[in-house]
Protein chains: 2
Amino acid sequence: MSISEVKYVEKLRNSGLRPTKQRIKICEVLFNREKTFHFSISDLTKILQNQHNLKISLATVYNTIHAFQKKGYLKEINIGNDMSYFDTNTSSHHHFYDQQTKELIDINSQEVEIKKSPTPPSGKKVDDIEVTFRISKKN
Amino acid sequence: MSISEVKYVEKLRNSGLRPTKQRIKICEVLFNREKTFHFSISDLTKILQNQHNLKISLATVYNTIHAFQKKGYLKEINIGNDMSYFDTNTSSHHHFYDQQTKELIDINSQEVEIKKSPTPPSGKKVDDIEVTFRISKKN
DNA sequence: ACTATAGTTTAGAATTATTATAAAGTATGT
DNA sequence: ACATACTTTATAATAATTCTAAACTATAGT
Ligand SMILES: [Mn+2]
Ligand SMILES: [Mn+2]
Ligand SMILES: [Zn+2]
Ligand SMILES: [Zn+2]
């Protein structure tokens, strides 16, 4: 067992999730990276198959991603209307969204400052503010 | 023909769309209101059936909404990941989104001011900024 | 180590939103 | 009125996601 595998076995155990080989592999693909990772289920399935030669059933990929989301290790992103995206950056943050390449890029919370905010409807409170900067190729 | 029907016949003709009775009725449901209207195809279909006793085929509802979107009369909204929402407010603006009731409420562009904005990736330009204030019931 | 059990994976079926198809119906210019 | 292009419609197809139930496996208790 590699050093990173041991790390995720512990992470899974601490979350009350059994460290199966499928979950450990998915952890490695998702969390063993420098930058945050934005992906669709289809993206992830392709990476598991092509870059790691793993044939994990589609139902398991869905199950695992939803389990991780429930445990707070992933955030669902609402962009585009065809399929769900997930984000390994679970903090409150903002995105550049390239409509041409459909790529999401993180923006640190502190790089956006909102000077003026609207008053929420009466009886309602603001839980989170999400800013999306839609970008495209210059010229 | 009612006064509002005449109005939409003209609007459709000016857009190069034949003013069929289905399109005119959908125009009335969508555009004959004070406030902007946020809806899913399913919402609209229910309103047509229950509140107007119109049985317009689902394919026609989709065709019509997409035609109106292409003409710039509707904007697609990416919120939630199950189905598409559309917005009769086609200007660049922001939203409150109540995650409990799944309701969208418009925020005028001028009610939000962004003090600090991140630099877009090189070769990319910002086309639009969308701010979503996720709200929920207080306490 | 053996076993019982609860948790997990899996293939495949079911569901849901959306899009495609193609035949019947309709608006419009002549 | 007629021809024609556009539109509506029922239905089928597609695609993402969820459900199901049987086989498999991690783990706690013996
Ligand atoms: Mn979405
Ligand atoms: Mn869908
Ligand atoms: Zn992100
Ligand atoms: Zn709006």
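In this text the structure is predicted, and so the values were computed from the model without any measurement. Lettering of chains follows the sequences in order, A, B, ..., and the numbering in each one begins at 1. Only heavy atoms go into these numbers, but all of them, side chains included; no hydrogens, no water, no symmetry mates.
OP1 or OP2 of dT17(D) has at least one side-chain nitrogen or oxygen of Tyr62(A) nearer than 4.0 Å. Taking only side-chain nitrogens and oxygens, Gln22(B) comes nearer than 4.0 Å to OP1 or OP2 of dT9(D). Contact annotation: His66(A) does not reach the phosphate of dT17(D) (side-chain N/O to OP1 or OP2, under 4.0 Å). Regarding contacts with the backbone of dT8(D), a side-chain N or O of Thr20(B) is found under 4.0 angstrom from either OP1 or OP2. Arg13(B) has no side-chain polar atom (N or O) that falls below the 4.0 Å cut-off from OP1 or OP2 of dA27(C). Side-chain nitrogen and oxygen atoms of Arg23(A) include none within less than 4.0 Å of the OP1 or OP2 phosphate oxygen of dG7(C). The side chain of Ser84(B) places an N or O atom within less than 4.0 Å of a non-bridging phosphate oxygen (OP1 or OP2) of dT18(C).
Proximity of Phe31(A) to Phe68(A): side-chain heavy atoms (C-beta onward) are separated by under 4.5 Å at one or more points.
Comparing Leu17(B) and Ile41(B) against DNA chain C, the residue whose closest nucleotide sits nearer the 5' end is Ile41(B). Residues Arg18(B) and Asn63(B) both approach DNA chain C. Their nearest nucleotides, taken by heavy-atom distance, put Asn63(B) toward the 5′ side.
Seen from the ring of Tyr85(B), Lys75(B) does not count as a face-on cation partner, given the 6.0 Å and 45° thresholds.
Distance Phe86(B) CZ to dA17(C) P: 13 Å, rounded to the nearest Å. Atoms CD1 (Ile24(B)) and P (dT8(D)) sit 10 Å apart, rounded to a whole Å. Ile65(B) has its CD1 atom 15 Å from the P atom of dT7(D), to the nearest Å. The nearest whole Å value for the distance from the CE atom in Met83(B) to the P atom in dT19(C) is 14 Å. Taking atom CD1 of Ile26(A) as the reference point, atom P of dT8(C) lies 13 Å away to the nearest angstrom. The NZ-C1' distance, from Lys25(B) to dT7(D), rounds to 18 Å in whole Å. Distance Leu12(B) CG to dT26(C) C1': 15 Å, rounded to the nearest Å.
For NZ of Lys125(A), the number of neighbouring non-hydrogen atoms (other residues, nucleotides, ligands) closer than 6.0 Å is greater than 12.
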request  = Take Val131(A) and Ile129(B) through the test side-chain contact (heavy atoms from CB on, under 4.5 Å) and record every step on the way to the result.
outcome  = CA-CA 7 Å; Val131(A) 185; Ile129(B) 302 176; 3.6 Å; yes

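Checking dT9(D), dT17(D), dA26(D) against every side-chain atom of Ser57(B), the shortest atom distance belongs to dT9(D).
Atom CG of Asp98(A) sits about 9.5 Å away from atom CG of Leu104(A), to the nearest 0.5 Å.
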